[in-house]
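A quick note: this is a predicted structure, and the numbers were derived from the prediction, not measured.
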Amino acid sequence: MTRSADSSRARRPAWASRNYSLLTAAAFVTNLGSNGAVIAAAFAVLEAGGDSGDVGLVAAARTLPLVVFLLIGGAVADRLPRHRVMVAANTLNCVSQGAFAVLVLTGEPRLWQMMLLTALGGTGHAFFSPAAEGMLLSTVSGEQAGRAFAVFRMAMQGAALGGAALGGAMVAAVGPGWVLAADAVAFAAAGSLRALLDVSHIPARAPGAGLLADLRDGWREVAGRPWLWGIVVQFSVANAVLGAADAVYGPLVARDHLGGAGPWGVALGFFGAGTVVGALLMTRWKPQRLLFTGILCVFPLALPSAALAVPVSVPVLCTAMFVAGATVEVFGVSWMTALHQEIPEDKLSRVSAYDWFGSVALMPLAAALAGPAESAFGRDTALWGCAGLIAAVTALVLCVPDVRNLRRDTKHITQAPTDTADTERPVGGLG
């Protein structure tokens, strides 16, 4: 090993292997660009003469292929080398965002063009996410796995917070086209980093019985664990109503009671800051009852909807958002640790795909029903309903014995990983 390699390893914590460091750096770059691009895409539609309905159509164009292709993406990522799937997805995102940027910078893009390019981006995301989560979970090992996941999520959440702020400022300063171009560059840079992943120690995967067989195998892995499918169902509902509250009701409450878009943006920023603080906390805290602790920390996710229903003052809303962000991040790290511990390595991407699918499947429906629900019951009642649903599904999942009893496993832990241990193998003593 060269002196430079020795020096590089010495600068990293023992649990931060080379592959882990590359994955974290790439995720930071991607999230920094993507969160600014979300804002840029909306303003690109508006500057092209579109209205709020057109903005919603472009957003739906991204979500639909994400829902359609997620399960297929999970099966592909467990069948092919995950790093190649990730690089291919980053390339598709780079090309689609670059084309979107060119359309915006050179003329007036049409709605169908923006929807098509956004749909290509959603397709790339559908294949990327299961592969990325499977790669990360299989890269980390040892008793510091929870800390590694917390640092990774802290980098992602920090990039999301900074990317949204930077993207908004850049849209105002130079226009949405250049922000979209910067996102394309970010995807290219992230793909280049992921291409450097060391996979020389990864054994070739045995050919499977077919894509449908792989999907059925992944479903059996999920259905056989009540704690897993119970929490997936829980967040299918919670994410849907939370998304409706944030995307539809929040801006309306801000317009009517809080002083406009500025205070609402500050409140969302406090949620992002809370997630960073929650991830920082989890670099030190190792709760033994992983899922029980994590699920208890989901209850505060109902606070923002309740605060909007009252509605409270801006400082109180910001406090509620911060607490919700911090506590839900405790769940996020605990959830990743449980998956890392309990799921065989060769099924990680398929299980992650079912998890992602559950998380986003109901979001388009909830967004579509938010307006009719407000008309039928009133905005305050609809918001109280969002808060009540989050609390109800969270309480229900605590009735699952495995959720209450699953504990952090230390029986099979030997040592922290080194760079040569970055192999895709069964983790947590399973598989």
Side-chain angles (χ1 to χ4, degrees), residues 31 34-35 37-39 41-42 45 52-53 55-68 70 118-119 121-122 125-126 129 156-157 160-161 163-164 231-255 261 264-265 267-272 274-275 298-309 311 317 320-325 327-329 331-332 335 355-375 377 379-394 397:
N31 275 268
S34 296
N35 281 274
V38 170
I39 300 172
V45 174
S52 59
V55 173
L57 286 174
V58 172
R62 179 176 180 82
T63 305
L64 183 59
L66 183 61
V67 173
V68 170
L70 260 174
T118 303
H125 191 38
S129 296
M156 287 186 61
Q157 302 293 6
L161 183 61
I231 292 176
V232 169
V233 171
Q234 172 202 7
F235 270 86
S236 184
V237 175
N239 283 341
V241 298
L242 186 66
D246 283 353
V248 180
Y249 300 138
L252 294 175
V253 173
R255 181 196 63 189
W264 179 237
L268 292 175
F270 268 83
F271 183 89
T275 62
V298 177
F299 280 106
L301 202 59
L303 290 176
S305 297
L308 290 170
L317 176 61
M321 297 286 273
F322 181 87
V323 171
T327 53
V328 80
E329 197 62 20
F331 165 81
W335 176 245
D355 177 21
W356 274 89
F357 180 82
S359 296
V360 302
L362 294 182
M363 291 181 72
L365 177 63
L369 293 178
E374 180 183 15
S375 299
F377 307 109
R379 188 189 305 161
D380 295 349
T381 302
L383 280 164
W384 282 118
C386 291
L389 277 172
I390 292 171
V393 294
T394 302
V397 84

Return the minimal non-hydrogen interatomic distance between Ala361 and Val67, and the atom names on each side. CA-CG2, 4.3 Å
Considering all heavy atoms of both residues, which atom of Pro65 and which atom of Ala126 are nearest to each other, and what is their separation? O-CB, 3.9 Å
Among Val237, Ile231, Val232, the one residue meeting side chain to side chain contact (heavy atoms under 4.5 Å, CB included) with Phe235: Ile231
Heavy-atom distance under 4.5 Å between the side chains of Asp355 and Trp335, does that happen here? yes
When Leu242, Val241, Thr381 are each screened for side chain to side chain contact (heavy atoms under 4.5 Å, CB included) with Cys386, the one that passes is Val241
Looking only at heavy atoms, the pair that brings Met321 and Pro304 closest together is SD-CB, 3.4 Å
Between Leu383 and Val253, is there a side-chain heavy-atom distance shorter than 4.5 Å? yes
What distance do His125 atom NE2 and Leu70 atom CG have between them, rounded to the nearest 0.5 Å? 7.5 Å
Might you point out which heavy atoms bring Ile390 and Leu301 nearest each other, and give the distance in Å? CD1-O, 3.8 Å
Gap between atom CG of Leu268 and atom CG of Leu317 - 0.5 Å precision: 8.5 Å
Answer whether the closest heavy-atom distance between the side chains of Val393 and Val233 falls below 4.5 Å. no
Do Thr327 and Phe299 have side-chain heavy atoms sitting under 4.5 Å apart? no
Flag yes if more than 12 heavy atoms outside Phe270 fall under 6.0 Å of its CZ atom; otherwise flag no. no
Using 0.5 Å steps for rounding, measure from the OH atom of Tyr249 to the CZ atom of Arg379. 9.0 Å
